[in-house]
2 protein chains.
Amino acid sequence: MYSKRKKHLEARAKVLKALAHPSRLFIIEELEKAERCVCELTEMIGADVSTVSKHLSVLRQAGLVVDDKRGNQVFYRLRMHCILNFFGCVESVLEAQLREQTALLEKVHS
Amino acid sequence: MYSKRKKHLEARAKVLKALAHPSRLFIIEELEKAERCVCELTEMIGADVSTVSKHLSVLRQAGLVVDDKRGNQVFYRLRMHCILNFFGCVESVLEAQLREQTALLEKVHS
DNA sequence: TTGCTTGTTGGCTATATTGCCAAATAGCAA
DNA sequence: TTGCTATTTGGCAATATAGCCAACAAGCAA
């Protein structure tokens, strides 16, 4: 594997890794609708504030969100609005998985 | 977070996690061009066969590739050809990161 | 100032991932 | 059969990730 290609793949992998967590996907989806402060996201996710703050830090470091301190709150918003469209393909993978499971179940029951 | 939404996000996260590794991204890109046997991919990646085999297993379990045993070789191919397009957005994130770093460097040197 | 709220960071433990080697499995050919 | 090749699986050690609590920082209000 050429070194340049390897570095590129590593960079891509980092972005995907940042996305590869249910809470972080939730955050992305919510920020698609509107900017949110940490306290709102914490409330919605139902985890410790520190946990949510760390998830946001992961997303920020990956270049996916930006933060905006206002008063004693910190608001986050999406930096890349394409991120959401981009799940169309992931969805088709999930649908295919579902079809497969259904087919398997029908086979078992027949 | 509603349980149904949570499950959906967990399923998405699993697919993204399967993609979030340089070697596995390499495999996806190669399989976009043509099907490949494990030995070819191993040669290209330059890791142990067992390591590559495990990466392929991760991709298969995520529903991203399918395997096809022929003789004593196993050929893999993409199951979802949309996966590649789907990187357009990841690329724009990387480009933005690059622009930012460049701006930072210019600031330092000025 | 003090006290309250909002976030971030450090430290910890539990868990997951990675990548190697070694062992097992399966096909093919002599 | 034996031997060779291709692949998968088990096991292990090193490393990374997740999520909690505690401590800290910063804004604001009394």
Side-chain angles (χ1 to χ4, degrees), chain A residues 1 3 6-7 9-28 30-31 34-77, chain B residues 1 3 6-7 9-28 30-31 34-77:
Chain A
M1 226 196 288
S3 156
K6 195 174 174 184
K7 284 211 175 127
L9 292 174
E10 280 166 2
R12 265 193 189 177
K14 267 188 196 167
V15 175
L16 290 167
K17 215 172 194 173
L19 287 167
H21 188 285
S23 297
R24 294 198 290 265
L25 288 177
F26 178 88
I27 291 169
I28 295 282
E30 285 307 311
L31 297 187
E35 65 169 16
R36 299 276 188 211
C37 66
V38 181
C39 55
E40 287 173 306
L41 293 168
T42 299
E43 164 79 27
M44 287 187 266
I45 292 172
D48 195 90
V49 204
S50 67
T51 301
V52 174
S53 176
K54 280 179 185 172
H55 282 311
L56 286 164
S57 164
V58 170
L59 292 172
R60 186 170 5 89
Q61 281 178 46
L64 294 164
V65 303
V66 287
D67 62 326
D68 184 13
K69 297 173 221 308
R70 293 208 293 276
N72 62 351
Q73 292 186 309
V74 181
F75 288 85
Y76 280 85
R77 57 174 185 276
Chain B
M1 223 195 293
S3 156
K6 194 173 174 182
K7 282 208 176 133
L9 292 174
E10 280 166 2
R12 266 195 187 176
K14 267 189 195 167
V15 175
L16 289 168
K17 215 173 195 172
L19 287 167
H21 187 286
S23 297
R24 294 197 290 265
L25 288 176
F26 178 89
I27 291 169
I28 295 283
E30 285 308 311
L31 297 187
E35 66 167 17
R36 298 278 188 209
C37 67
V38 181
C39 54
E40 287 173 307
L41 292 168
T42 299
E43 164 79 28
M44 289 188 266
I45 291 172
D48 195 272
V49 205
S50 67
T51 300
V52 174
S53 177
K54 279 179 186 171
H55 282 311
L56 286 164
S57 164
V58 169
L59 292 172
R60 186 172 3 89
Q61 281 179 44
L64 294 164
V65 303
V66 287
D67 62 325
D68 183 14
K69 297 175 218 310
R70 295 208 293 275
N72 61 352
Q73 291 185 309
V74 181
F75 288 85
Y76 280 84
R77 57 174 185 275

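Every chain is numbered from 1 and lettered A, B, ... according to where its sequence line falls, protein lines coming before strand lines.
Atom pair Leu9(A):CG and dT18(C):C1' shows a separation of 17 Å (rounding to whole Å applied). A straight line from CD of Glu40(B) to P of dT5(D) spans 17 Å, rounded to a whole angstrom.
Judged by distance alone, with hydrogens and angles left aside, the side-chain atoms of Ser53(A) form no donor-acceptor pair with the main-chain N or O of Val49(A) at under 3.5 Å. Judged by distance alone, with hydrogens and angles left aside, the side-chain atoms of Arg24(A) form a donor-acceptor pair with the main-chain N or O of Lys17(A) at under 3.5 Å. Side-chain atoms of Thr51(A) never come within 3.5 Å of backbone atoms of Ala47(A) as a donor-acceptor pair (strictly under, hydrogens ignored). Of the possible polar contacts, one joining the Glu40(A) side chain to the Cys37(A) backbone as a donor-acceptor pair under 3.5 Å is found.
Listed here is the closest heavy atom pair of Ser23(A) and Ile45(A): OG-CG2, 3.9 Å. What you find for Asp68(A) and Arg77(A) is that their closest heavy atoms are OD2-NH1, 3.7 Å.
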- When you check every protein heavy atom under 4.0 Å of nucleotides 10-20 of chain D, what one-letter string (B, S, -) results, 5' to 3'? BB-----SSSB
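Remark: Gln73(A) CD to Asp67(A) CG distance equals 13.5 Å, nearest 0.5 Å.
Contacts of residues 65-77 of chain A with DNA chain D (heavy atom under 4.0 Å): Gly71(A), Asn72(A).
With Tyr76(B) as the aromatic partner, Arg60(B) does not meet the cation-pi criteria of under 6.0 angstrom to the ring centre and within 45 degrees of the ring axis.
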